[in-house]
Q: 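Could you have a look at this structure, given as structure tokens, before my questions?
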Amino acid sequence: MQSFEPTGEQRLVIGHRGSNVLVFAGPGTGKTETLARRFAAIVHDDGIAAGEILVLTFSRRAAQGMRRRIVHRMRERSAGAIAIPELHVYTFHGFCKRLLDGDAPRGAGRDLLTPVKERLIWDRLVKDM
């Protein structure tokens, strides 16, 4: 991983505490690295368990990159000695799927309303009227 010196705005994000933070910036501006450093700082400096922090992003690729950088920065902050039992880095869609699945076993089918089921229910309701 290449090293860079954070800008003033990035330092504000890394050091921000007390509430959630939304980072809105264009491509190539250092969002992933800034959030990875923020994550490591919260865990290392504030003693918050890594499993209590939720990181959401838009793509699987971005989530994988974020996870990789977080682990790298955590190792860096702890001189290589880390144990992260749970790391909650998901896409928005992946996180929502986990919410919908709840405690259901992995791979268990969900009986969600699909467009076909919706149409069949609608047809049945209209027919009975």
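In what follows, every heavy atom counts, from backbone to side chain, and hydrogens, waters and symmetry copies are set aside.
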Q: Evaluate K127 against D123 for salt bridge (Lys or Arg N to Asp or Glu O under 4.0 Å), listing each step before the verdict.
A: CA-CA 6 Å; K127 180 183 154 200; D123 288 347; over 6 Å; no
Q: Could you state whether F92 and L99 fall into the same hydrophobic cluster, counting links through intermediate Ile, Leu, Val, Met, Phe, Trp or Tyr residues with side-chain heavy atoms under 4.5 angstrom apart?
A: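 Per the 4.5 Å side-chain linkage, F92 and L99 are co-clustered.
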Q: Working to the nearest 0.5 Å, report the span between NE2 of H88 and CZ of F39.
A: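 It comes to 8.5 Å.
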Q: As an exercise, state the distance from OG1 of T57 to NZ of K31, rounded to the nearest 0.5 Å.
A: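 One gets 8.5 Å once the value is rounded to the nearest 0.5 Å.
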Q: If I compare all heavy atoms of R69 with all of T32, which pair ends up nearest, and what's the gap?
A: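 That would be CD-CG2, 3.5 Å.
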Q: Near R11 CZ, under 6.0 Å, is it more than 12 heavy atoms from other residues, nucleotides or ligands?
A: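 Counting other residues, nucleotides and ligands, CZ of R11 exceeds 12 neighbours.
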Q: Show the nearest heavy-atom pair for residues A41 and R77, with the distance to one decimal.
A: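 That would be CA-NH1, 3.4 Å.
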Q: Judged by atom type as modelled, is there a donor-acceptor pair below 3.5 Å linking the side chain of R73 to the main-chain atoms of A36?
A: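 No.
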Q: Show the nearest heavy-atom pair for residues L35 and M66, with the distance to one decimal.
A: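 For L35 and M66, the tightest heavy-atom pair comes out as CB-CE, 3.7 Å.
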Q: Do L12 and I14 share a hydrophobic cluster (ILVMFWY, side-chain heavy atoms under 4.5 Å, transitive)?
A: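 Not linked; separate clusters.
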Q: In the single-linkage hydrophobic clustering (I, L, V, M, F, W, Y; side-chain heavy atoms under 4.5 Å), do F58 and F95 co-cluster?
A: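 Yes, it is one cluster - the side chains of F58 and F95 are joined through contacts under 4.5 Å.
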Q: Indicate the atoms forming the closest heavy-atom contact of A62 with S59, along with that distance.
A: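 It is N-OG, 3.0 Å.
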Q: Just how far is it from atom CG of D46 to atom CZ of R17, taken to the nearest 0.5 Å?
A: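 Output value for this atom pair is 4.0 Å.
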Q: So I53 and I48, do their side chains get closer than 4.5 Å, heavy atoms only?
A: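 Answer yes - side chains close enough.
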Q: Indicate the atoms forming the closest heavy-atom contact of M74 with A40, along with that distance.
A: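 M74 and A40 have their closest heavy atoms at SD-CA, 3.7 Å.
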Q: Could you report the tightest heavy-atom contact between A63 and V89, atom names first, then the distance?
A: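 Shortest heavy-atom separation between A63 and V89 comes out as O-CG1, 3.5 Å.
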Q: Rounded to the nearest 0.5 Å, what's the gap from CZ on R60 to OH on Y90? Could you check?
A: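 Atom-to-atom, R60:CZ and Y90:OH are 14.5 Å apart.
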Q: What's the separation between atom NE2 in H93 and atom CG in L100, rounded to the nearest 0.5 Å?
A: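 With rounding to 0.5 Å, NE2 (H93) is 11.5 Å from CG (L100).
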Q: Check whether any side-chain heavy atom of Q10 lies under 4.5 Å from a side-chain heavy atom of T7, and answer yes or no.
A: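 Contact flag for Q10/T7 side chains = yes.
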Q: Can you tell me how far apart CD1 (I70) and CD (E33) are? Round to the nearest 0.5 Å.
A: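 Here the interatomic distance stands at 10.5 Å.
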